[in-house]
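Step one of this worksheet: look at the structure below.
Proteins get letters first, then strands, A, B, ... in listed order; numbering begins at 1 in each.
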Amino acid sequence: MTHVLDVLDERGFVEAKTHEAELREWLSQGPCTCYIGFDPTGSSLHIGHLIPVMALAYMQRCGHRPIALVGGGTGLVGDPSGKTEMRQMLTRETVDANAEALKRQLARFIDFSSQRALLVNNAEWLAGLGYIAFLRDIGRHFSVNRMIRAESYRMRLDSDEGLSFIEFNYMLLQAYDFLELHDRHACRLQMGGSDQWGNIVAGIDLVRKMRQQTVFGITFPLITTAGGAKMGKTAAGAVWLDAQRTSPYAYYQYWVNCDDADVPRFLALYTFLPMGEIREVAQLRDADLNLAKTVLAFETTQIVHGRQLAMEAMAAASSMFGSRRLPADLLPSSTLPRNSAGKGADDGVPSTDLGADEISEGIPLFKLFQLTGLSSSGGAARRLIRQGGAYVNNERVTADDRPVTLADFVGGELLLRSGKKHFHRVRLTK
RNA sequence: GGUGGGGUUCCCGAGCGGUCAAAGGGAACAGACUGUAAAUCUGUCGGCGAUGCCUUCGGAGGUUCAAAUCCUCCCCCCACCA
């Protein structure tokens, strides 16, 4: 089997690692235990979390045992690393509820059955710590001189806002997590985003000092789009893995709409397709790249939402935007259905139900755009329409007060469109 | 606790009694060009069934014909001092 370090390196997951030779040696000796922490600051993961999640998934696929640590304890403190502002303090109840939600989502990527992976919550060992005991046993191993030089605190120490004492302690808690996991589960590798370097190294040092044992760290690069934006940030906010917050259709669309330049890189990072096939994609040019985007979107959506919903999202997209047949030799490992791409329920396109009586008199078009949420206000809707960005059943309408009546409905449905890609279906009810 | 500097529309940031729904930039949205891409150019970018009306410039009062702009008190942030 290929060495997991080579897999991660090749796919673009690795920014930095400690003790490379020893780490490589350790990982080749058999199943190894590694971990990544997720702070339960929200009730759902979003696209920005995918890199560490995929890294754990690859670890497992390469025969190792990943631990996903949910920061039920550290979440109560708040990690200042790389943050320009102090984090909101969370209540214990919120943190616990979030931890449960994260667990369900992680299970999409990682197989937690029969100890093949573990999910732990650091509240288990952090919540009951005694202050004095902790300071004496753990705190004495940390040099404040060194901590304040850490890059992860730099931004905050230099900023106007400053760094509160509770946040300053975060590094100790995360280091202690590593020690606990080392003791409990023989975990010797911690991974994390590049902003976690300081915290990870602190844990490595702590384990060495207290257990005379070498443990390792790997950090991931900060992934941005070719346009320089953070992954998963859109005008509407983050792109979530929770179908309630971001529909499978919207999730699929996020990937289809990615920048050309990002396609091969994203296929490597966010799908399980083999690298040999992904490299072929680099040969594609211009509109042909859209075919690869379809595969990218399908694969990523399938991982998170399952095959059925991914197919529906794809069908909805092709019914709105049209589709081209995918050649059999493009990313052949993808399980995307290549022949029947055209048909399927086109659910996923947002829709609104409207009573027939509500429009019997006719309703001005701008009101309808406002009502469906395609425009945030009546004024915005009027502007949109006047500027020629509004379509009814795919025909441009430029009169903002054009009444919409029963005659506009085809089979009880009406398709509104704002600009090129924002669709909304209006259904007639009794 | 003292002294000084601040809090402006999604973000940054001008404005410092009328010409202010508030410059400029960013983000965003739409149009043109396209490939559901990027870049570029153009328009829009508080609300309102709208050539007018209403609500915004940390909060509450006040002065004035008129306040984001002046005064008073309060809240919050920052710097230096203690």
Side-chain angles (χ1 to χ4, degrees), chain A residues 84-86 156-164 224-230 232-239 249-267 281-282 284-298 300-301 313-326 330 341 346 348-350 358-359 361-392 394-404 415-424:
Chain A
T84 49
E85 288 173 16
M86 184 168 167
R156 289 292 293 284
L157 286 169
D158 291 343
S159 80
D160 288 345
E161 189 179 15
L163 182 71
S164 72
T224 55
T225 67
K230 266 190 189 170
K233 289 292 179 196
T234 67
V239 179
Y249 174 74
Y251 189 83
Y252 178 94
Q253 284 297 321
Y254 176 82
W255 295 101
V256 172
N257 283 311
C258 78
D259 196 296
D260 283 9
D262 289 327
V263 177
R265 196 163 56 106
F266 285 2
L267 282 166
V281 169
L284 297 179
R285 285 287 170 271
D286 303 324
D288 287 341
L289 257 174
N290 285 355
L291 298 168
K293 287 183 188 178
T294 305
V295 178
L296 170 67
F298 178 81
T300 51
T301 307
M314 188 170 77
S318 54
S319 85
M320 295 298 148
F321 298 104
S323 63
R324 287 169 60 189
R325 194 157 177 279
L326 250 81
L330 175 68
D346 46 9
V349 175
E358 291 183 74
I359 63 149
E361 313 256 314
I363 177 170
L365 187 58
F366 80 91
K367 274 285 178 202
L368 202 54
F369 268 85
Q370 183 181 10
L371 197 73
T372 56
L374 278 173
S375 296
S376 58
S377 71
R382 284 173 185 274
R383 266 179 250 124
L384 174 76
I385 298 167
R386 285 180 191 156
Q387 289 182 128
Y391 301 79
V392 176
N394 285 318
E395 286 196 30
R396 177 179 285 174
V397 175
T398 50
D400 55 21
D401 52 356
R402 193 272 221 187
V404 173
L415 188 66
L416 294 180
R417 193 173 113 209
S418 161
K420 265 185 295 192
K421 19 184 149 161
H422 301 288
F423 291 90
H424 198 103

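Using the Watson-Crick or G-U wobble rule with both distances under 3.5 Å, C41(B) pairs with G31(B). Base pairing annotation: G24(B) forms a Watson-Crick or G-U wobble pair with C12(B), both donor-acceptor distances under 3.5 Å. Shown here, G52(B) forms a base pair with C48(B); the pair counts as Watson-Crick or G-U wobble because both key distances fall under 3.5 Å. The base-pairing partner of C80(B), taking Watson-Crick or G-U wobble contacts with both distances under 3.5 Å, is G2(B).
Contact annotation: K293(A) does not reach the phosphate of G35(B) (side-chain N/O to OP1 or OP2, under 4.0 Å). Side-chain N/O atoms of Y391(A) include none lying less than 4.0 angstrom from OP1 or OP2 on A30(B). Within the structure, every side-chain polar atom (N or O) of K420(A) is placed at least 4.0 Å from both OP1 and OP2 of A30(B). In terms of phosphate contacts, Q370(A) brings no side-chain nitrogen or oxygen within less than 4.0 Å of OP1 or OP2 of G47(B). Between A30(B) and R382(A), no contact under 4.0 Å exists linking OP1 or OP2 to a side-chain N or O.
By the 4.5 Å heavy-atom criterion applied to side chains, M320(A) and L415(A) are counted as neighbours. Taking the side chain as every heavy atom from C-beta outward, C258(A) and V263(A) approach each other to under 4.5 Å. Under the 4.5 Å side-chain criterion, counting only non-hydrogen atoms from C-beta, N290(A) is in contact with K293(A).
Comparing the same atom, C1', in U9(B) and in G47(B) gives a spacing of 13 Å after rounding to whole Å. If you take atom P in A23(B) and the same atom in U44(B), they sit 12 Å apart, rounded to whole Å. Comparing the same atom, C1', in A68(B) and in G58(B) gives a spacing of 12 Å after rounding to whole Å. Rounded to a whole angstrom, the distance from the P atom of G13(B) to that of A60(B) is 24 Å. The same atom, C1', is picked in G25(B) and in A14(B); the two are 11 Å apart, to the nearest Å. Between U3(B) and U72(B), the two P atoms lie 14 Å apart (nearest whole Å). For the C1' atoms, the distance from G7(B) to C16(B) is 15 Å, rounded to whole Å. Look at the P atom in both C70(B) and C77(B): the space between them is 23 Å, to the nearest Å.
Both A287(A) and A390(A) lie close to RNA chain B; mapped to their nearest nucleotides by heavy-atom distance, the more 5′-ward contact belongs to A390(A). Summary of the strand contacts: G322(A) and P364(A) both lie near RNA chain B, and taking for each the nucleotide with the nearest heavy atom, the more 5' one is attributed to G322(A).
Among the protein residues, Y254(A) comes within range of no part of the nucleic acid, since none of its heavy atoms lies under 4.0 Å from any strand. Residue G419(A) is classed as a sugar-phosphate contact, given heavy-atom separations below 4.0 Å to backbone atoms only. Counting any heavy atom pair closer than 4.0 Å across all strands shown, R396(A) reaches sugar-phosphate atoms only and no base atom. Among the heavy atoms of the strands, none lies under 4.0 Å from S375(A). Here A317(A) lies in heavy-atom contact (under 4.0 Å) with a base. In this structure, R386(A) reaches neither bases nor backbone, as no heavy-atom distance under 4.0 Å exists between it and the strands shown. Residue contacts for N257(A): at a heavy-atom cut-off of 4.0 Å it reaches a base atom on one of the strands shown.
For D401(A) against G49(B), a side-chain-to-base donor-acceptor contact under 3.5 Å is absent. Under 3.5 Å, the side chain of D288(A) and the base of G35(B) form no donor-acceptor pair of N or O atoms.
The two residues A390(A) and F369(A) have their closest heavy-atom pair at CB-CZ, 3.6 Å.
Put simply, the side chain of R382(A) never gets that close to the backbone of D400(A): no donor and acceptor are under 3.5 Å apart.
Atoms CG (L289(A)) and C1' (U34(B)) sit 14 Å apart, rounded to a whole Å. In this structure, L365(A) atom CG and G49(B) atom C1' are separated by 13 Å, rounded to whole Å. If you take CZ of R417(A) and P of A30(B), they are 10 Å apart, rounded to a whole angstrom.
Considering T300(A), T294(A), L296(A), N257(A) as possible partners of Y252(A), the one that fulfils the side chain to side chain contact (heavy atoms under 4.5 Å, CB included) test is T294(A).
A salt bridge links D262(A) and R265(A); the closest N-O separation between the charged side-chain nitrogens and carboxylate oxygens is under 4.0 Å.
Among the nucleotides A50(B), A30(B), A37(B), the one closest to the side chain of H422(A) is A30(B). Each of A30(B), A37(B), C48(B) was ranked by its minimum atom distance to the side chain of D259(A); first place goes to A37(B).
U51(B): glycosidic angle within 90° of 0, hence syn.
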